[in-house]
Amino acid sequence: MIKKISIKTKIGWISVFEEKGKVFKIQFGKIKKQTNSLVLNAFKQKIKKFFKYQTTNINIPHKLLGNRIQKKIWNELKKINFGNTKSYGTIAKKYNISPRYVGKICGQNKLMLLVPCHRVIKSDGSLGGFTSVGGVNLKKKILEFEKKI
DNA sequence: CGCCTAACTCGGC
DNA sequence: GCCGAGTTAGGCG
């Protein structure tokens, strides 16, 4: 049984999906049918706090859907603190893969905010891309929000 | 410094 | 096989 809700935030609508008590997908956008649950409710509270700067890390029971390397990278991303950024190259070097591959993995990330793929930017300081997760514009919004702290 | 290019990895067609 | 995806380092003027 999959449950899902949408939450309105200052960067727009976010939808969260949950199954068996674990969040497995967080995406940008609003969905029509919603079914609440304890976990989703908890997530909602967290996200609201997050956007009020009352908490910096959203940790909630979740499931990482991916292969070994993807999980590795995502775990690495989770270590980036609120307001910080890292370049694709930095992460790539650490795991001995190509920066392109890092970007690709970020694109496969289904847990935006929880796995902060938006905190990974190009080495020259520009944003890079974000097309598969809602557009560069969204990335910009999130980063601007985090910078204001 | 700005612009161009080759190279990295992997999945999808 | 080629192409693209949230790159990058290096060369050239």
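Naming convention: chains lettered A, B, ... in sequence-line order (proteins, then strands); numbering from 1 in each chain.
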(request) For A:Ile105 and C:dT7, give me the distance from atom CD1 to atom P, rounded to whole Å. (result) 13 Å

(message) Distance check needed: C:dA5 P versus A:Tyr88 OH, whole Å only.
(response) 13 Å

(request) Specify whether A:Phe145 and A:Tyr53 have parallel, tilted or perpendicular ring planes, treating 30° as the upper limit for parallel and 60° as the lower limit for perpendicular. (result) parallel

(request) Return the value, rounded to whole Å, for the distance between atom CD1 of A:Ile97 and atom C1' of B:dG11. (result) 15 Å

(request) Could you work out the separation of B:dA6 and C:dG6 based on their P atoms and round it to a whole Å? (result) 22 Å

(request) Report the distance from atom CD of A:Gln70 to atom P of B:dG11, rounded to the nearest whole Å. (result) 8 Å

(request) Write down the distance between CZ (A:Arg100) and P (B:dA7), rounded to a whole number of angstrom. (result) 13 Å

(request) Look at the side chain of A:Ser98 and decide which nucleotide, out of C:dG6, C:dT8, B:dT9, has an atom nearest to it. (result) B:dT9

(request) Return the value, rounded to whole Å, for the distance between atom CD1 of A:Ile69 and atom P of B:dC10. (result) 9 Å

(request) Whole angstrom is fine here: how far is it from CG in A:Asn96 over to P in B:dC8? (result) 13 Å

(message) Here's one to test your reading of the geometry: is the NZ or CZ of A:Lys25 within 45 degrees of the ring axis of A:Phe17 and under 6.0 Å from its centre?
(response) yes

(request) Report which part of the nucleic acid A:Val102 touches: base, sugar-phosphate, or nothing (heavy-atom distance under 4.0 Å, all strands). (result) nothing

(message) Can you measure A:Arg68 atom CZ to B:dC10 atom P for me and round it to whole angstrom units?
(response) 15 Å

(message) Using a 3.5 Å distance criterion without hydrogens, assess whether the side chain of A:Asn57 forms a donor-acceptor pair with backbone atoms of A:Asn59.
(response) no

(request) Identify whether the distance between the nearest side-chain nitrogen and carboxylate oxygen of A:Glu76 and A:Lys94 falls below 4.0 Å. (result) yes

(message) For a quick check of understanding: with a heavy-atom distance under 4.0 Å over all strands, which category does A:Val133 fall into, base, sugar-phosphate or nothing?
(response) base

(message) Under 4.0 Å from OP1 or OP2 of C:dT7: is there any side-chain N or O of A:Ser123 that close?
(response) no

(request) Side-chain contact test, heavy atoms from C-beta onward, threshold under 4.5 Å: evaluate it for A:Leu65 versus A:Phe24 and give yes or no. (result) yes

(request) Would you indicate whether the side-chain heavy atoms of A:His62 and A:Leu64 approach each other to under 4.5 Å? (result) yes

(message) Judged by each residue's nearest nucleotide on DNA chain B, which is more toward the 5′ side, A:Pro99 or A:Gln108?
(response) A:Pro99

(request) Just call it for A:Gly129: base, sugar-phosphate, or nothing, with non-hydrogen atoms closer than 4.0 Å on any strand. (result) base

(request) Using a 3.5 Å limit on both pairing distances, list the dot-bracket string of DNA chain B from the 5' end; Watson-Crick and G-U wobble pairs count, crossing pairs take [ ], interstrand pairs take |. (result) |||||||.|||||

(request) May I ask you to check whether A:Phe82 and A:Phe50 place their ring centers less than 6.0 Å from one another? (result) yes

(message) Reading DNA chain C from 5' onward, which residue's closest nucleotide shows up sooner: A:Lys104 or A:Lys93?
(response) A:Lys104

